[in-house]
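Have a look at the structure below before the remarks.
Here is the naming used below: chain letters follow the sequence lines, and residue numbers restart at 1 for every chain.
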Amino acid sequence: MRNWLIKSEPYKYSWDQLVQDGSTFWDGVRNYQARNNLASMQIGELCLFYHSNEGKEVVGIARVISTSRPDPTADAETWVGVDVAPYQPLKSPVTLARIKSEPSLAQMGLLRQGRLSVVEVSREEFDIIVAISEE
DNA sequence: GCCAACGTTGGC
DNA sequence: GCCAACGTTGGC
């Protein structure tokens with residue numbers, strides 16, 4: 001089981017929208033590293049759901065409910081997506097500023113590779129984020 | 001709105 | 001295969 005962080009600009013697709021929809025196909029990724037991450041996702045793996053640009057905070061946890069399949073919004077076979085569903089909202093959002101202020105999270109992919117929209121999160125980092133959200 | 005950090009493209 | 005130019009993302 002691996003853990004992930006997926007980013008979305010809330011005005012494009014927000015956590016609330018995911019909750020309302022029940023599940024969604026996570027598509028539109030056009031970056032090879034992010035694609036590789038999507039392709040290696042397994043059913044049941046948990047993803048931190050991060051709002052980029054507006055909010056800049058982790059707002060919930062989503063669960064992978066299908067392995068990857070071709071992204072119909074792409075014209076090449078290269079690109080894939082997975083289905084995700086809401087798992088649970090965070091009790092309180094964890095902001096980027098808060099993450100940056102936490103020494104134990106300094107190695108997070110989110111910080112090291114800010115532009116990557118699908119990034120792996122270690123189990124430890126995942127647990128720390130959840131713990132912070134419950135403070 | 002600006003800019004840093006990347007990724008991609010295309011000329012050579 | 002290198003590198004300059006350009007485009008995109010996302011924080012500030």
Item to complete: Scan for salt bridge (Lys or Arg N to Asp or Glu O under 4.0 Å) pairs involving residues 94-110 of chain A, sequence neighbours excluded, and state none if there are none.
Response: Arg98(A)-Glu102(A), Arg98(A)-Glu135(A)
Worksheet entry | Pairs where residues 30-41 of chain A contributes a residue and the test salt bridge (Lys or Arg N to Asp or Glu O under 4.0 Å) is met, not counting sequence neighbours | Arg30(A)-Asp71(A)
Worksheet item: Taking DNA chain B as the partner, which of residues 104-116 of chain A come within under 4.0 angstrom of it by heavy atom?
Response: Arg112(A), Gln113(A), Arg115(A)
Discussion item. I'd like to know if the side chain of Gln17(A) pairs up with that of Asp21(A) as donor and acceptor (distance under 3.5 Å, no hydrogens or angles considered).
Written reply: yes
Discussion item. Can you see whether Gln113(A) engages Gln33(A) through a side-chain donor-acceptor pair at a distance of less than 3.5 angstrom?
Written reply: yes
Fill in: Span of DNA chain B, from the first to the last nucleotide whose atoms fall under 4.0 Å of chain A heavy atoms
dA5(B) to dT8(B)
Just by distance, do the side chain of [X] and the backbone of [Y] share a donor-acceptor pair under 3.5 Å?
| X | Y | answer |
| --- | --- | --- |
| Ser66(A) | Asp83(A) | yes |
| Glu134(A) | Ala131(A) | no |
| Ser8(A) | Ser14(A) | no |

Fill in: Those residues of residues 26-34 of chain A lying under 4.0 Å from DNA chain C by at least one heavy atom
none
Discussion item. Measuring only between side-chain heavy atoms, which start at C-beta, is Val58(A) closer than 4.5 Å to Ser133(A)?
Written reply: no
Discussion item. Test: side-chain hydrogen bond (donor to acceptor under 3.5 Å, both in side chains). Region: residues 39-52 of chain A. Which pairs qualify, not counting sequence neighbours?
Written reply: Arg2(A)-Ser40(A), Trp4(A)-Glu45(A)
Worksheet item: Around Phe25(A), counting heavy atoms of other residues, nucleotides and ligands shown, do more than 12 lie under 6.0 Å from its CZ?
Response: yes
